[in-house]
Every structure is written in C-alpha cells, then in structure tokens.
Amino acid sequence: SYISVWVIAAFPEEIIYRGFIMSRLSRALGGSNWSWWAAALLSSTLFGALHYYQGWAGMIVTGLAGFFLAATYLFVRRNLWVTIIAHGLIDTIGMTAKYFGAAQ
C-alpha cells in the first residue's frame with residue numbers, strides 16, 4: 001500500500017542510510033567535505049546492494065536513486081525531511097506506474 005511505502009521504506013531508510021550511515025562514514029573519514037561525498041557514494045552502494053532481491057538492474061537503479069538522495073541530502077544541508085519526502089514520492093510514483101502497467 002501507499003502508506004507502507006512511506007512508513008516502511010521512505011522514512012526508516014532515509015533515517016538509516018542518509019541520517020545514520022552517511023554521518024558515521026563521514027566522521028570515520030575525517031568529517032571533511034570530501035568525506036561526505038565519499039560517504040554518499042559508499043552508502044548508496046550499500047543501499048543498492050541490499051536491494052539484491054530486485055536483480056542487477058534493480059540494484060543499479062536503486063543505488064543510483066540512493067546517490068541522488070544522498071546528493072540531495074548534502075545539497076539541502078543535511079535536511080532529512082527533504083530526502084524522506086523525495087524517497088516517498090519516488091516510491092509512490094513507482095507503485096502508481098506499476099499499478100497502471102507502465103513499469104514492472
């Protein structure tokens with residue numbers, strides 16, 4: 001359902017991947033500007049890899065979407081609400097497209 005997309009995917013995944021993992025990776029890499037971008041790349045790779053059940057194409061698309069969300073997170077000065085809303089909208093649009101047969 002659409003509510004589960006927001007409650008089970010968008011909100012917790014953004015808290016975990018952008019809020020927690022990126023900040024810990026950045027701190028471990030020194031906390032500089034480049035470390036945030038390295039953390040974005042690493043967390044997005046993990047994000048894509050953990051969607052292995054979608055196959056290679058799904059992992060790549062999800063990893064790229066993760067990097068888009070990570071970059072957005074950095075551009076909006078680490079405001080998680082922006083990425084939570086973006087993630088929810090991406091998933092909602094994807095579910096709607098699937099419902100109408102426009103996506104698999």
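Every value quoted in this text rests on a predicted model; they were computed, and no experiment measured them.
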Applying side chain to side chain contact (heavy atoms under 4.5 Å, CB included) to Phe68 and Ile90, what does each step give before you reach the verdict? CA-CA 11 Å; Phe68 166 78; Ile90 289 167; 4.3 Å; yes

Nearest atoms (heavy-atom pairs only) where [X] meets [Y]:
X: Ile21; Y: Leu46; value: CD1-CD2, 4.0 Å
X: Trp6; Y: Thr92; value: NE1-OG1, 3.0 Å
X: Leu80; Y: Glu14; value: CD2-O, 3.4 Å
X: Ser23; Y: Gly19; value: OG-O, 2.8 Å
X: Ser35; Y: Ser26; value: OG-OG, 2.9 Å
X: His51; Y: Met59; value: O-CG, 3.6 Å

Does Phe47 belong to the same Ile/Leu/Val/Met/Phe/Trp/Tyr cluster as Leu50, with side-chain heavy atoms less than 4.5 Å apart forming each link? yes

Which value, rounded to the nearest 0.5 Å, describes the distance between Ile93 atom CD1 and Leu89 atom CG? 6.0 Å

If you round to the nearest 0.5 Å, how far is CG of Asp91 from CD1 of Ile8? 11.5 Å

Before giving the answer on side chain to side chain contact (heavy atoms under 4.5 Å, CB included), spell out for Met22 and Trp36 the whole-Å C-alpha distance, their side-chain angles and the decisive distance to 0.1 Å. CA-CA 7 Å; Met22 274 185 68; Trp36 278 101; 4.0 Å; yes

Pairing residues for Trp81 by the side chain to side chain donor-acceptor pair (under 3.5 Å) criterion, not counting sequence neighbours: none

Take atom OH of Tyr99 as the centre, draw a 6.0 Å sphere, and report whether it contains more than 12 heavy atoms from other residues, nucleotides or ligands. no

Just wondering, more than 12 heavy atoms not from Tyr52 lying within 6.0 Å of its OH? no

Between Phe11 and Val7, is a side chain to side chain contact (heavy atoms under 4.5 Å, CB included) present by the stated rule, with each step listed? CA-CA 6 Å; Phe11 187 79; Val7 174; over 6 Å; no

Between Ser43 and Ala40, is there a donor-acceptor pair closer than 3.5 Å when you use the side chain of the first and the backbone of the second? yes

Would you confirm whether the ring centroid of Trp37 sits within less than 6.0 angstrom of the ring centroid of Tyr73? no

